[in-house]
There are 4 protein chains.
Amino acid sequence: MAQRGINKVILVGNLGANPEIRHMPSGDAVANLRIATSESWRDRATGETRERTEWHNVAIFGKVAEVAKQYLRKGSKVYIEGRLRTRKFQGKDGQDRYTTEVVVDISGTMQMLDGSGDGQAGAGGRQSTQAGRSHGGGAPAPSNHPTPSGADYDDDIPF
Amino acid sequence: MAQRGINKVILVGNLGANPEIRHMPSGDAVANLRIATSESWRDRATGETRERTEWHNVAIFGKVAEVAKQYLRKGSKVYIEGRLRTRKFQGKDGQDRYTTEVVVDISGTMQMLDGSGDGQAGAGGRQSTQAGRSHGGGAPAPSNHPTPSGADYDDDIPF
Amino acid sequence: MAQRGINKVILVGNLGANPEIRHMPSGDAVANLRIATSESWRDRATGETRERTEWHNVAIFGKVAEVAKQYLRKGSKVYIEGRLRTRKFQGKDGQDRYTTEVVVDISGTMQMLDGSGDGQAGAGGRQSTQAGRSHGGGAPAPSNHPTPSGADYDDDIPF
Amino acid sequence: MAQRGINKVILVGNLGANPEIRHMPSGDAVANLRIATSESWRDRATGETRERTEWHNVAIFGKVAEVAKQYLRKGSKVYIEGRLRTRKFQGKDGQDRYTTEVVVDISGTMQMLDGSGDGQAGAGGRQSTQAGRSHGGGAPAPSNHPTPSGADYDDDIPF
DNA sequence: TTTT
DNA sequence: TTTT
């Protein structure tokens with residue numbers, strides 16, 4: 001995959017409902033999330049505090065969709081990294097409509113920021129998970145770079 | 001302004017057309033941009049290279065809108081940092097429609113990545129500009145932190 | 001403040017220790033955090049799961065430093081948005097040393113992702129807070145844009 | 001690769017020198033870049049405009065290192081997405097030192113934002129390139145999701 | 001020194 | 001409708 005340009009979305013928010021799971025013809029899961037972010041500010045005129053919530057449609061593909069299905073619930077807090085995609089669809093009146101989603105696939109990331117959801121989920125987990133960037137058999141692990149010759153890229157030891 | 005959650009979009013792309021400038025009742029400019037990002041990949045089945053372009057609607061407010069008006073042109077490459085906002089509007093048939101934009105205001109950023117546009121702009125500039133985060137009279141400059149007492153936050157000298 | 005280029009760091013991690021608070025000559029607080037992020041992968045050679053933790057030095061200025069002081073504790077999970085800064089300092093041997101920090105000031109953001117810390121903090125809060133981008137008296141609230149003339153920027157109603 | 005936490009750096013800046021290429025024992029290239037970002041502000045006290053440049057050490061691994069080697073030159077403008085890593089090394093006096101770099105590997109991205117460099121490079125290219133996230137043989141292309149059954153994930157057509 |  |  002090559003890109004010309006950058007198309008990146010980062011969200012931290014809470015699910016407004018349980019994930020909706022659908023399936024591709026291949027059997028792969030697609031998880032659709034509704035994620036809320038909000039901001040509040042003091043109204044200049046009235047002095048009142050106002051708040052606005054933005055709702056984001058997120059579509060998750062691949063293995064991460066399974067994770068979302070298992071562990072995310074209404075109320076769960078998540079970190080999402082994906083890209084914007086606008087899809088065209090047919091309205092009931094036959095007219096074209098457009099909808100914009102945040103797509104999370106192999107090039108994106110999802111991370112649970114709590115272990116709860118609404119707590120009612122028997123499956124509910126305290127597991128932290130990440131979507132994309134898994135490494136297949138032969139691929140080098142990102143943080144396991146061998147040492148360049150004559151150099152100081154030996155084992156990385158932080159502070 | 002306080003946030004609950006994070007709602008962030010980062011785009012690097014090219015303008016598909018000159019900015020459209022509108023004005024608020026206050027006289028402040030609003031600049032609307034169409035920005036393209038694209039990705040290409042090799043089709044697994046056919047082996048052909050395929051490409052998809054995503055078009056983003058960006059609405060810029062405040063002083064940055066003036067900069068966009070002056071310096072951006074069809075073809076200009078820009079870095080955009082903003083947030084997602086979905087607005088409701090009335091379709092011609094009286095039905096509700098929704099559209100999602102990337103909003104750039106004081107909390108966002110715009111930066112020109114070339115000095116051209118289409119080059120024909122007399123005003124056209126090689127000027128790099130940033131949208132938000134300007135500092136008013138009394139506000140401390142981000143990189144001008146005074147020294148904490150007994151400490152080493154003196155003048156910052158990079159490598 | 002104008003920028004040429006982008007210098008942005010985004011961290012989500014946990015504090016390895018309580019924040020260290022220092023004070024500027026002005027009396028303003030500076031909060032220093034140690035934040036851990038980690039990654040794990042399967043070693044190609046041995047098949048074992050390995051893990052590496054990265055520790056980040058974060059320096060928070062301004063009002064957010066006060067929030068960090070009050071609400072963050074060892075173990076707290078936070079979202080940080082800041083910029084890289086490398087400072088020079090004198091080693092004990094009189095030699096120059098350099099250290100790189102993530103600086104969070106008015107142009108950055110901090111958000112607590114849990115309400116705890118170690119729980120022992122009487123002050124401990126469930127409060128979600130954000131560092132920068134506060135609006136002074138006359139500044140327009142980001143999400144409160146007035147309506148452009150002849151246009152559809154009325155009140156924003158999400159899905 | 002699994003993550004706990006997020007460790008992300010985004011830079012847009014210019015190279016202060018040609019890339020330095022080194023080689024791993026495997027023969028793979030590692031490209032080291034010095035990238036400048038800068039900010040300017042008006043000094044509150046003196047009213048003068050001040051500027052500060054931050055220099056970032058970037059280490060690029062994998063195929064992207066080859067691209068950097070071929071196409072980047074002193075002065076080139078690039079977009080970098082990577083992660084922070086602090087390495088320990090031995091000072092000449094035998095003491096431990098630490099240095100922090102931005103690492104770009106398969107999980108990161110590099111994109112050239114101009115086609116120049118200093119122009120002197122015979123190899124110099126107008127080619128836009130991206131580092132990570134390449135897809136191996138069997139991996140699904142990010143934007144080529146098949147249609148979920150009974151659903152509307154057909155071919156994506158933007159505005 | 002965190003977290004799971 | 002951009003760009004390479």
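Between the CG atom of A:Leu113 and the P atom of E:dT4 there is a distance of 12 Å, given to the nearest Å. C:Lys74 has its NZ atom 7 Å from the P atom of E:dT3, to the nearest Å. We find that OH of C:Tyr79 is positioned 19 Å from C1' of E:dT3, with the value rounded to whole Å. The interatomic distance linking D:Asp114 (CG) with F:dT3 (C1') rounds to 14 Å, in whole Å. Taking atom CD of C:Glu20 as the reference point, atom P of E:dT2 lies 15 Å away to the nearest angstrom. To the nearest angstrom, C1' of E:dT1 lies 14 Å from CD of C:Glu54. Computed from coordinates, the A:Met112 CE to E:dT3 P distance equals 17 Å when rounded to whole Å. Separating the NE2 atom of B:His56 from the C1' atom of F:dT3 is a distance of 13 Å, rounded to the nearest angstrom.
In this structure B:Glu51 satisfies the side-chain contact (heavy atoms from CB on, under 4.5 Å) test together with A:Arg4, B:Ser38, B:Ser40, B:Thr53, sequence neighbours excluded. Scanning for side-chain contact (heavy atoms from CB on, under 4.5 Å) contacts around B:Ala65 gives B:Ala29, B:Ala31, B:Ile60, with sequence neighbours left out.
Classification of B:Glu54 and B:Arg52 as a salt-bridged pair holds, one side-chain N sitting under 4.0 Å from a carboxylate O. Comment: A:Glu81 engages A:Lys8 in a salt bridge, judged by a side-chain N to carboxylate O separation of less than 4.0 angstrom.
Side chain C:Thr53 to base E:dT2: a donor-acceptor pair is found below 3.5 Å.
Closest to the C:Arg34 side chain, of the nucleotides E:dT3, F:dT2, E:dT1, is E:dT1. Out of F:dT2, E:dT1, F:dT4, the shortest distance to the side chain of A:Arg4 is found at F:dT4.
Here C:Trp55 packs flat against the base of E:dT1; its ring centre is closer than 5.5 angstrom to the base's six-membered ring, tilted by less than 30 degrees.
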